[in-house]
Amino acid sequence: MAEARTAAPPADAVDPDPRRWQALVYIAVAQLMVSVDSTIVNIALPSAQRALDISDSNRQWVVTAYMLAFGGLLLLGGRISDTIGRKRAFLIGVIGFGLASALGGVAVNAGMLLAARALQGAFGALLAPAGLSLLAVTFTQPGERAKAFGVFSAIAGSGSAVGLILGGVLTEYLNWRWSLFVNVGFAVVVAAGALSVVRDTDREPNREKLDIAGALLSVAGVVALVYGFTLADTEGWTATPTLALFVACVVLLTLFVVVEKRSETPLLPLRIVTERNRAGVFASQALAVITMFGLLLFLTYYFQEVRGYSPLMSGVAFLPMVAGMLIGAGQFASRMMPKMAPRWIMSPGFLVAALGMLLLTQLDVDSSYPLLVLPGQLLFGIGLGLAFTPAMSLATHGVDDNETGVASAMINASQQLGGSIGTALLNTIAASSTAAWLASHAGGADLQNKAAVHGYAVAVWWTVGILLLAGLVILFTSNLPKPEQGEDSAEGAPAVHM
């Protein structure tokens, strides 16, 4: 395979921006806004459904509209960021996300809410890669880069759990509309701060013509894939619409690869995904997010349906996972990154997360929260904090300065794909295990709850295997050494011979 490309160190590698730590705060808060929105509406959905008279068959679209727009447009958003400038794309994404959230908050019918959610996803697809690429070019020294990505990864990784907590608080004490209005406050703070302290490199944006054919094929292919997994969750894996979408996805993405190979200005330069270190990171992140979204789904139902927790208490019950991610990313990974090769941080991280899930395979109707659920979540969070932090940095390893946006989009796309797969695949496994358990047991008190928890436990066993697989993937694909003193841990790293 060809030698991995190495970017020249950006201008601010010599003269670091004195306001770079303030910039980190606003970039991280913007990422929190996007991450939170993937789950905050879930808890508010029953109230929104009643208020807007949304049918049971259409309620899933409140979540799906966001996922389809976000996942489908990520690659295009990353390339637009490289084309018009990262800071400009970041600000457009933040402001647009805030306006779309306000539109959803004042929705008077289902159509208006669904349109607002799709717009949120579209602007999020521009904001997310622009923010990550800004971070990559702002922090170039190994020590500072590790700390910055530690903060960013902890926030990005814990955002889904924070969304459940925040959704519970807002729904219980205000109303469902505030689960959308809260983003307006985030957006105003981030836009005002970013205007003054976020700085892009001094290079001129890449003004090359956008690859329209590639954009259309990638959007259609990813939408078919994400929607296919959504239908698999509701209609079944062998249903004709589900299979048709998966076939369409394969055809569309195959055509996308053909077009990208021939294009002079490809939407996704294939070297972004074929270099072994980045390929391993993208694959391991997709696998890890499968387990995270699965756990969030099962524990949400376990807390509310089995244990009878309120929405607020359910959110609070996820705090150990959030705390674990903050500890794993901020206290461990950020200190280890300047001293260790990435695979010796990420692989043990996946192992620690798998140990947490192994504890949760013992889940029962009457399981002790402090003795089982809390330590299981804590270990899982610490492990993902360790695994996510180097991954965010490695996503832009060896990438030219004018391609950091599309590389950043790929790490977001891999996580989005993992989330879609996790919800559909693990929910199917849990449902079939629950049905099998009910068929083999007759009578007894609390039969439905016992069957449901058995299904959750079986699905969690699968997550243990998935996390171990993620650890093996990164162990055998990553070959970067530990950063040398004064060397950029990603963009200024030595070229890797394949």
Side-chain angles (χ1 to χ4, degrees), residues 34 38 58 60-83 89 93 96 100 111 114-130 208-235 237-270 272-274 282-283 286 289 403 405-425:
V34 175
S38 65
N58 286 332
Q60 65 162 325
W61 284 101
V62 178
V63 176
T64 304
Y66 178 85
M67 292 175 63
L68 290 178
F70 184 73
L73 295 172
L74 267 170
L75 277 180
L76 182 59
R79 179 52 81 189
I80 290 173
S81 171
D82 289 330
T83 302
L114 296 180
R117 291 288 287 162
L119 281 173
Q120 280 184 302
F123 283 110
L126 181 62
L127 162 62
E208 295 175 341
K209 185 171 67 173
L210 281 175
D211 174 16
I212 301 300
L216 292 174
L217 287 169
S218 70
V219 169
V222 173
V223 166
L225 182 63
V226 173
Y227 189 36
F229 280 116
T230 301
L231 277 189
D233 190 23
T234 57
E235 304 293 329
W237 291 91
T238 58
T240 300
T242 304
L243 295 176
L245 283 167
F246 286 145
V247 170
C249 168
V250 171
V251 172
L252 289 165
L253 293 184
T254 300
L255 289 173
F256 172 70
V257 171
V258 172
V259 168
E260 296 307 277
K261 283 183 175 180
R262 297 180 178 180
S263 175
E264 294 182 1
T265 57
L267 181 72
L268 174 64
L270 296 181
I272 297 291
V273 294
T274 55
F282 297 149
V289 175
E403 292 176 348
V406 70
S408 301
M410 276 304 303
I411 193 74
N412 281 282
S414 64
Q415 292 176 342
Q416 177 69 20
L417 176 60
S420 301
I421 295 172
T423 302
L425 175 63

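Excluded from the calculations below are hydrogen atoms, water molecules and symmetry mates; all remaining heavy atoms, backbone and side chain alike, are included.
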To the closest 0.5 Å, what do you measure between CZ (F282) and CD1 (I272)?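 Going from the CZ atom of F282 to the CD1 atom of I272 covers 7.0 Å.
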With rounding to the nearest 0.5 Å, note down the distance linking CG in L245 to OG1 in T240.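 OG1 of T240 is found 11.0 Å from CG of L245.
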Search all heavy atoms of [X] against all heavy atoms of [Y] and return the closest pair with its distance.
| X | Y | result |
| --- | --- | --- |
| G221 | C249 | O-SG, 3.6 Å |
| A118 | A69 | O-CB, 3.2 Å |
| L126 | S81 | CD1-N, 4.4 Å |
| P129 | L74 | CD-CD2, 3.9 Å |
| L119 | A100 | CB-CB, 3.7 Å |
| L76 | A215 | CD1-CB, 3.9 Å |

Compare all side-chain heavy atoms of [X] with those of [Y] and state whether any distance is below 4.5 angstrom.
| X | Y | answer |
| --- | --- | --- |
| L75 | M410 | yes |
| V62 | L114 | yes |
| F229 | W237 | yes |

* For the side chain of R79 and the backbone of P266, is there at least one donor-acceptor N/O pair under 3.5 Å apart? ->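 Yes; at least one donor-acceptor contact below 3.5 Å.
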Show every donor-acceptor pair shorter than 3.5 Å between a side-chain atom in residues 252-260 and any protein atom, with sequence neighbours excluded, or say none if there are none.
residue, atom, partner, partner atom, Å
T254, OG1, V250, O, 2.6
E260, OE1, L267, N, 2.7
E260, OE1, L268, N, 2.8

